[in-house]
**Q** 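Mind looking over this structure? Questions follow.
Throughout, protein chains are lettered first and strands after them, A, B, ... in sequence-line order, and every chain is numbered starting at 1.
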2 protein chains.
Amino acid sequence: MTAGDVAGNSLSKERLRLWLRMLRVTRQVESELRERLRTEHDSTLPRFDVMAALYAAEEGLKMNELSKRLRVSNGNVTGIIDRLVEDGAVERIAIEGDRRATRVCLTVAGRDTFRGMAVEHERWINALFEGVSEEDAHHIGELLHRLPASPNDAH
Amino acid sequence: MTAGDVAGNSLSKERLRLWLRMLRVTRQVESELRERLRTEHDSTLPRFDVMAALYAAEEGLKMNELSKRLRVSNGNVTGIIDRLVEDGAVERIAIEGDRRATRVCLTVAGRDTFRGMAVEHERWINALFEGVSEEDAHHIGELLHRLPASPNDAH
DNA sequence: TGTGTAAAATTCAAGCTTAAAATGTTTAGG
DNA sequence: CCTAAACATTTTAAGCTTGAATTTTACACA
C-alpha cells in the first residue's frame with residue numbers, strides 16, 4: 001500500500017512493509033482454506049473455528065465463553081451457532097440454576113464432522129507451508145511473540 | 001485450535017501452530033486498525049485499502065484493476081466504491097471508447113482525507129510493532145517469502 | 001419485599017465478502 | 001452484417017462481522 005509514501009522514517013516504513021506482507025500472506029491462506037472448506041465440506045472458516053473451540057471443550061461452552069475465546073462479538077456467535085444448530089452439528093443445552101445462559105455443545109455428528117475437517121485442515125496448512133522448515137516455523141513463531149498478539153495464546 | 005489434536009506429525013504441528021499464531025496476530029492488528037479508523041476517521045479498513053490503491057494510481061483505476069490489485073471480488077469493490085462516491089471521496093469517470101468500463105478516481109477531497117488517514121495509519125502500525133527492530137522486521141519479512149504469498153507483492 | 005444494577009444472550013442496522021447470475025458492450029469470424 | 005465469444009461491471013442471495021440497543025434473568029441490598 002502507499003501509506004508508506006506519505007510519511008515516516010525508515011524503521012516505521014520497514015514495519016509497515018512487514019505488516020502489509022503479513023496481511024497479504026494470511027489473507028491468501030485464509031482464502032485457500034475458505035475455498036476448500038466450501039467446496040469439500042460445504043462449510044466455512046467461522047464455522048470451523050467455532051467447532052474447533054467446542055471440540056476442545058469436552059463439556060461445551062457458554063455463548064459467553066465462546067465469544068471471548070474466539071475474540072468475536074457475542075452477536076456474531078449467536079448467528080453462527082444458529083446455523084450450526086440447523087445443520088445438526090451443535091445443540092444448545094439449558095444450564096440449571098441460570099436461565100440467562102446456555103451451554104453450547106457439539107453433537108456426536110458434529111464431532112465426527114469436525115474430526116474429518118480438522119484432519120484435512122492440518123494437511124492443507126502443511127502443504128501451504130511446505131517451504132517452511134520446522135526450525136523456521138519455530139523461529140518465526142518466536143519473532144511473532146514480539147507483536148501485539150493477544151493474551152493467552154494457548155488454551 | 002484443536003485441529004492439531006486430531007492428527008499429524010511434529011513438523012505439520014509446528015506449521016499449524018505458526019499459522020494459528022499468524023492468524024491471531026493479524027486479526028489483533030486488524031481489529032485495532034478498524035477500531036481507530038472507525039472512531040477517529042469515521043471510516044473502515046476496506047475503504048482505506050481502496051483509497052490507498054487509488055492514491056497510488058495517479059490516473060485512477062478501472063474497477064477491474066482495482067479488484068485485481070486488492071484481490072477481492074469485483075462485486076465487493078462495487079459496493080465499497082458506491083459508498084466512497086456517496087462520501088464524495090471518489091468519482092466514477094467514463095472511459096471514452098469503451099462504455100463497459102469505468103475509471104475510478106480519488107477526488108481532491110478524497111486525496112486530502114486519505115493523506116490524513118495514511119499518516120496516522122503508519123503511526124499506528126509503528127506503535128503496534130514497537131517490539132520489532134528494523135532487522136527483525138526485515139528478517140521476518142524474508143521468512144514470510146517462503147509462504148504462499150501471492151504474486152507481485154509490490155506495485 | 002422491592003428495586004436497581006449487572007450479566008447473558010439475542011436482535012438490529014449497517015457494512016463487508018463471496019460466488020454466481022444477469023446486463024450491457026466490444027470484438028472477431030464468417 | 002450477424003453472431004458468438006469475451007469483457008467489464010453490477011446485481012443478488014447468503015453469510016460474516018461489528019457496535020449498539022433490547023430482553024430476560026440473577027443478585028445485592030435497603
Side-chain angles (χ1 to χ4, degrees), chain A residues 23 26-28 30-51 60-87 89-104, chain B residues 23 26-28 30-51 60-87 89-104:
Chain A
L23 197 52
T26 49
R27 284 197 180 157
Q28 183 65 29
E30 273 191 299
S31 149
E32 301 269 2
L33 296 179
R34 218 186 347 261
E35 167 74 3
R36 295 183 201 187
L37 280 175
R38 186 179 66 86
T39 60
E40 296 178 31
H41 293 276
D42 193 29
S43 188
T44 68
L45 216 35
R47 271 142 144 117
F48 180 83
D49 289 344
V50 166
M51 292 179 82
L61 294 169
K62 293 194 294 179
M63 295 298 281
N64 220 357
E65 302 171 321
L66 200 43
S67 77
K68 254 197 276 288
R69 201 158 300 202
L70 300 176
R71 286 164 231 272
V72 299
S73 67
N74 37 9
N76 186 357
V77 176
T78 297
I80 297 172
I81 291 295
D82 283 349
R83 284 175 281 272
L84 285 173
V85 168
E86 274 180 39
D87 293 351
V90 156
E91 53 192 346
R92 282 188 235 245
I93 298 170
I95 289 183
E96 344 201 344
D98 192 342
R99 278 182 300 175
R100 294 172 302 180
T102 324
R103 197 158 52 87
V104 176
Chain B
L23 197 54
T26 50
R27 285 195 181 159
Q28 182 66 28
E30 273 191 300
S31 149
E32 301 269 3
L33 296 178
R34 217 186 347 262
E35 166 74 3
R36 295 183 201 188
L37 280 175
R38 186 177 67 85
T39 59
E40 296 178 30
H41 293 275
D42 193 27
S43 189
T44 68
L45 216 35
R47 271 142 143 118
F48 180 82
D49 290 343
V50 166
M51 292 179 83
L61 293 169
K62 293 195 294 180
M63 295 297 282
N64 221 357
E65 302 171 321
L66 200 44
S67 77
K68 254 197 276 290
R69 200 158 301 202
L70 300 176
R71 287 164 232 272
V72 298
S73 68
N74 37 8
N76 186 357
V77 175
T78 297
I80 297 172
I81 291 295
D82 282 350
R83 273 160 235 131
L84 285 172
V85 168
E86 275 179 36
D87 293 350
V90 156
E91 53 193 345
R92 283 188 234 246
I93 297 170
I95 288 182
E96 344 200 346
D98 192 343
R99 278 182 299 177
R100 294 171 300 182
T102 324
R103 197 158 51 86
V104 176

**Q** Look at all strands and tell whether A:Val77 reaches a base, only sugar-phosphate, or nothing, counting heavy atoms closer than 4.0 Å.
**A**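 Contact class for A:Val77: none.
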
**Q** With a 4.5 Å cut-off on side-chain heavy atoms, are A:Arg83 and A:Arg47 touching?
**A**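 The answer is yes; the side chains approach within 4.5 Å.
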
**Q** NA contact type, A:Ile80, heavy-atom cut-off 4.0 Å: base, sugar-phosphate, or nothing?
**A**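 The residue A:Ile80 makes sugar-phosphate contact but no base contact.
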
**Q** Of the nucleotides C:dT26, C:dT10, C:dT17, which has the atom closest to the A:Arg92 side chain?
**A**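 Shortest atom-to-atom distance from the side chain points to C:dT10.
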
**Q** Once you round it to whole Å, what is the distance between P of D:dC16 and CD1 of A:Ile81?
**A**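 To the nearest whole Å, that distance equals 11 Å.
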
**Q** What is the distance, to the nearest angstrom, from the CG atom on A:Asn74 to the P atom on D:dC16?
**A**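 Value for this atom pair: 16 Å.
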
**Q** Nearest 0.5 Å, what's the CZ-CG distance between A:Arg100 and A:Asn64?
**A**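 One gets 9.5 Å once the value is rounded to the nearest 0.5 Å.
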
**Q** Please tell me which of the listed nucleotides, C:dT11, D:dT25, C:dT17, lies nearest to the side chain of B:Asn76?
**A**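 Among the listed nucleotides, the one closest to the side chain of B:Asn76 is C:dT17.
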
**Q** Whole angstroms only, please: what is the CG-P distance between A:Asp42 and D:dA14?
**A**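 Roughly 14 Å, once rounded to whole Å.
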
**Q** Counting side-chain heavy atoms from C-beta on, which of C:dA8, C:dT25, D:dT10 comes nearest to B:Arg99?
**A**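 Side chain of B:Arg99 sits closest to C:dT25.
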
**Q** With a 4.5 Å heavy-atom cut-off, do B:Thr44 and B:Arg34 have their side chains touching?
**A**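 No, side chains not in contact.
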
**Q** Separation of B:Glu30 atom CD from D:dC16 atom P, in whole Å?
**A**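 It works out to 18 Å between those atoms.
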
**Q** Using heavy-atom distances to pick each residue's nearest nucleotide on DNA chain D, tell me which of A:Arg83 and B:Ala101 is more 5'.
**A**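 Looking at DNA chain D, the more 5' nearest nucleotide goes with B:Ala101.
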
**Q** Between D:dT25, C:dT18, D:dT9, which one does the side chain of A:Asp98 approach most closely?
**A**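 Among the listed nucleotides, the one closest to the side chain of A:Asp98 is D:dT25.
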
**Q** Check A:Ile95, A:Thr102, A:Val104 against A:Lys62 for a side chain to side chain contact (heavy atoms under 4.5 Å, CB included) and give me the one that passes.
**A**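 Exactly one candidate clears the test, A:Ile95.
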
**Q** Under 4.0 Å: is that the gap between some side-chain N or O of B:Thr78 and OP1 or OP2 of D:dT11?
**A**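 For D:dT11, OP1/OP2 do not have a side-chain N/O of B:Thr78 under 4.0 Å.
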
**Q** To the nearest Å, give me how far apart CD (A:Glu86) and C1' (D:dA14) are.
**A**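 These atoms are roughly 12 Å apart.
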
**Q** Using a strict threshold of under 4.0 Å (side-chain N to carboxylate O), is an ion pair present between A:Arg38 and A:Glu35?
**A**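 Result for this pair is yes, salt bridge flagged.
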
**Q** Which residue, A:Met63 or B:Gly79, contacts DNA chain C at a nucleotide closer to its 5' end, judged by nearest heavy atom?
**A**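 First, find each residue's nearest nucleotide; the 5'-ward one identifies A:Met63.
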
**Q** How is A:Arg103 classified with respect to the nucleic acid when contacts are heavy atoms under 4.0 Å: base, sugar-phosphate, or nothing?
**A**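 No contact.
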
**Q** Round to a whole Å and report the spacing from CG of B:Leu66 to P of D:dT10.
**A**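 Result: 11 Å.
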
**Q** Classify B:Arg38 by what it touches in the nucleic acid, base, sugar-phosphate, or nothing, heavy-atom distance under 4.0 Å.
**A**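 If one applies the 4.0 Å heavy-atom cut-off, B:Arg38 turns out to touch the sugar-phosphate alone, with no base involved.
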
**Q** How close or far is atom P of D:dC27 from atom CZ of A:Arg100, stated in whole angstroms?
**A**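 Interatomic distance, CZ of A:Arg100 to P of D:dC27: 6 Å.
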
**Q** Which part of the nucleic acid, if any, lies within contact of B:Arg47, taking any heavy atom under 4.0 Å across all strands shown: a base, the sugar-phosphate backbone alone, or nothing?
**A**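 Sugar-phosphate contact only - B:Arg47 comes under 4.0 Å of backbone atoms but never of a base.
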
**Q** Rounding to an integer number of Å, can you tell me how far A:Glu35 CD sits from C:dA20 C1'?
**A**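 My rounded result for the distance is 13 Å.
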
